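To keep things clear, I will list the structure first and then write my remarks on it.
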Amino acid sequence: MPIAYNKSVIGDGITLTEITDPKFKSNYITVTFAVPVDEKTAPLNNLVTDILASSNRKCPSMTQMTKNLAYLYGAVLSARSRRVGDIQENGLSIEYIGDEFTMNKEVISVKAVQTMLDCLFDPQLENGAFSEKYVSMRKKELEDTIRAEINDKFGYSMRRAREVIYKDEPACVNVLGTIENARAVTPQQLFERYEQLKRSAQIDITMCGKDFEAVKPVIIEAMGKLKRENVVKVSYQKPSPIKQLTERVSETQDINQSKMIMAFKSDCRDIYVAKVFAALYGGTPFSKLFANVREKMSLCYYCSAVYADLKGTMIVSSGIARENIGIAEKAILDQLEAVKNGDFTDEELENAVTYLCTGFKSNNDSIYRMVEYYLAQSTRGTAYTPEQVCDIFRNVTRAQVIECAKTFRYDTFYVMQSQQEVSGDE
């Protein structure tokens with residue numbers, strides 16, 4: 001039986017997506033609040049959903065929540081948080097085994113989904129706000145996450161580069177915020193943000209698994225009780241404006257290896273041709289950048305390209321010795337010119353397509369990856385199966401790749417250099 005996909009509108013700014021695949025023995029359901037990224041509210045959104053995942057009025061403690069989920073055959077309830085281009089998505093998810101696989105075919109699906117809905121819409125409150133205890137715990141966890149990001153030099157360099165690449169755009173915002181801001185958050189402030197999300201955020205529900213007959217009406221009923229007003233219009237596809245001149249930023253950090261990040265922006269709207277180009281150029285272990293800049297020339301410890309279709313931006317990241325920065329930058333630009341000039345073989349193109357198809361088809365193997373795959377499809381306004389996308393890839397021609405490559409312009413150069421390397425030259 002093939003995968004069945006259906007997306008419908010069930011309320012004001014509320015969508016319900018059903019992905020039915022009989023091979024899965026569990027069901028995975030997500031409820032997501034989607035809003036444009038905003039520097040002031042982004043950290044609050046993260047904290048709200050982390051708190052909601054901790055408890056609800058029926059299970060007011062984490063111990064009781066854990067016990068309840070254990071009785072539901074080890075159902076897993078978790079918070080979801082991610083940034084997609086200029087949009088921030090926060091919510092909860094629940095995974096539980098199908099009713100037909102429980103002892104005596106006990107119906108646990110409704111109980112599992114109701115637990116998640118209770119966390120979302122009937123949380124544990126104290127004096128009209130979230131519990132001070134859980135707010136303090138989540139604030140501490142957020143502080144730890146912010147510190148961990150700073151200590152992860154690759155992740156930190158990417159964040160700093162994004163601030164330059166997407167300057168003055170929502171995509172440049174650090175959704176974690178700062179430690180100082182996290183400490184200043186109050187339970188009442190978080191509860192007010194929670195109420196705003198319920199009223200005006202776009203709400204997307206995704207159900208993936210084998211059978212939703214019992215839980216679908218429960219979800220629709222819960223959404224129908226929400227009071228909605230001033231619902232935000234969420235637009236995922238917002239290509240980043242191309243800078244007239246390449247912006248160059250250099251910073252120093254206490255690191256052993258310099259991080260060089262180069263961004264290229266394009267007005268090419270055929271995202272699948274652009275994905276093939278990016279894979280051929282720097283997205284595979286046999287790409288132009290890997291084979292030449294890393295292996296043949298030995299200029300980088302790593303060098304790869306990732307294409308963000310919602311922003312029309314390709315980011316090339318590399319770990320590099322300081323003395324090789326200038327040479328490596330030129331080599332990376334030279335490989336781009338090579339693709340623009342058609343300097344690649346049919347075998348290289350075929351290998352890139354095969355690599356992409358293998359990755360896309362693997363989305364069918366995991367219920368989590370399948371959900372993420374179709375959520376990505378939804379941001380583009382499409383519902384292609386992985387097999388359909390592979391057919392699109394296979395039909396991409398050399399001429400299309402060359403023309404696509406020519407649309408990419410050098411937008412941003414960012415390098416985070418080692419302090420030791422810099423001071424050693426002085």
Side-chain angles (χ1 to χ4, degrees), residues 154 260-320 324 327-366 369-370 372-373 376-377 380 382 384-411 413:
F154 173 77
M260 185 174 74
I261 298 166
M262 302 162 66
F264 302 84
K265 295 179 182 177
S266 165
D267 57 5
C268 175
R269 294 296 169 259
D270 193 329
I271 67 169
Y272 294 108
V273 172
K275 285 180 180 293
V276 172
F277 154 67
L280 173 73
Y281 175 59
T284 72
F286 37 80
S287 64
K288 287 288 188 182
L289 294 184
F290 188 92
N292 294 289
V293 181
R294 184 187 185 279
E295 294 294 291
K296 186 177 180 180
M297 302 176 72
S298 298
L299 291 175
C300 306
Y301 302 105
Y302 62 87
C303 187
S304 61
V306 175
Y307 175 63
D309 60 272
L310 297 178
K311 300 299 295 179
T313 302
M314 179 176 65
I315 296 177
V316 176
S317 59
S318 55
I320 194 167
N324 289 334
I327 303 172
E329 179 188 11
K330 181 180 183 302
I332 289 169
L333 293 173
D334 286 345
Q335 292 305 311
L336 178 58
E337 288 302 311
V339 179
K340 290 180 179 181
N341 293 328
D343 183 13
F344 57 91
T345 66
D346 290 340
E347 182 180 7
E348 287 177 301
L349 178 58
E350 183 179 351
N351 287 341
V353 169
T354 300
Y355 184 89
L356 287 170
C357 288
T358 300
F360 269 74
K361 286 182 177 179
S362 68
N363 289 307
N364 289 321
D365 300 333
S366 162
R369 292 185 63 176
M370 184 173 289
E372 296 303 320
Y373 170 81
Q377 283 290 310
R380 302 165 189 147
T382 55
Y384 297 138
T385 65
E387 291 73 20
Q388 288 174 320
V389 171
C390 289
D391 288 340
I392 295 172
F393 285 145
R394 293 189 187 100
N395 288 319
V396 172
T397 66
R398 287 180 57 87
Q400 287 177 305
V401 171
I402 293 169
E403 288 307 308
C404 176
K406 290 178 179 178
T407 67
F408 279 85
R409 291 172 53 187
Y410 191 12
D411 182 88
F413 170 87

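These numbers come from a predicted model, not from an experiment.
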Does any N or O in the side chain of Lys275 come within less than 3.5 Å of the main-chain N or O of Phe393, such that one atom is a donor and the other an acceptor?
no
Would you call Glu350 and Thr354 a side-chain contact if the rule is heavy atoms closer than 4.5 Å?
yes
Does Phe413 CZ have over 12 foreign heavy atoms under 6.0 Å away?
yes
Give me the atom names and distance for the closest heavy-atom approach of Tyr281 to Gln335.
CE1-C, 3.7 Å
Considering only heavy atoms from C-beta outward, does the side chain of Val316 approach that of Cys303 to under 4.5 Å?
yes
Check whether any side-chain heavy atom of Leu349 sits under 4.5 Å from a side-chain heavy atom of Val276, and report yes or no.
yes
Phe286 CZ to Asn351 CG distance, which is reported to the nearest 0.5 Å:
5.0 Å
Quick one: are Tyr384 and Asp391 in side-chain contact, heavy atoms under 4.5 Å?
no
Minimal non-hydrogen separation, Val396 against Val273, with atom names:
CG2-CG2, 4.0 Å
Separation of Ser298 OG from Asn292 CG (nearest 0.5 Å):
11.0 Å
Looking only at heavy atoms, the pair that brings Ala405 and Leu336 closest together is O-CD1, 4.4 Å
Look at the aromatic rings of Phe277 and Phe408 and report parallel, tilted or perpendicular, splitting at 30° and 60°.
tilted
May I ask you to say whether Glu403 pairs ionically with Lys406, meaning some side-chain N is under 4.0 Å from a carboxylate O?
yes
Please report the interatomic distance CG(Asn364) to CZ(Arg369), rounded to the nearest 0.5 Å.
9.5 Å
d(Ile327 CD1, Ile332 CD1) to nearest 0.5 Å is 12.0 Å
Given Thr407, Thr313, Asp411, Asp309, the one that forms side chain to side chain donor-acceptor pair (under 3.5 Å) with Ser266:
Thr407
Okay, side chain of Arg398, backbone of Phe344: is any donor-acceptor separation there less than 3.5 Å?
yes
For the residue pair Tyr355 and Pro285, what are the closest heavy atoms and their distance?
CE1-CD, 3.5 Å
Check the side chains of Asn395 and Gln400 for a donor-acceptor pair under 3.5 angstrom, ignoring hydrogens and angles.
no
Return the OG1 to CE distance between Thr385 and Met370, rounded to the nearest 0.5 Å.
10.0 Å
What is the distance from atom CG of Asp346 to atom CD of Glu348, rounded to the nearest 0.5 Å?
9.5 Å
I need the minimum non-hydrogen distance between Phe360 and Cys390, along with the two atoms involved.
CB-SG, 4.2 Å
How close do Ile320 and Leu299 get, heavy atom to heavy atom, and via which atoms?
CG1-O, 3.3 Å
For the residue pair Leu333 and Phe264, establish whether any side-chain heavy-atom pair is separated by less than 4.5 Å.
yes
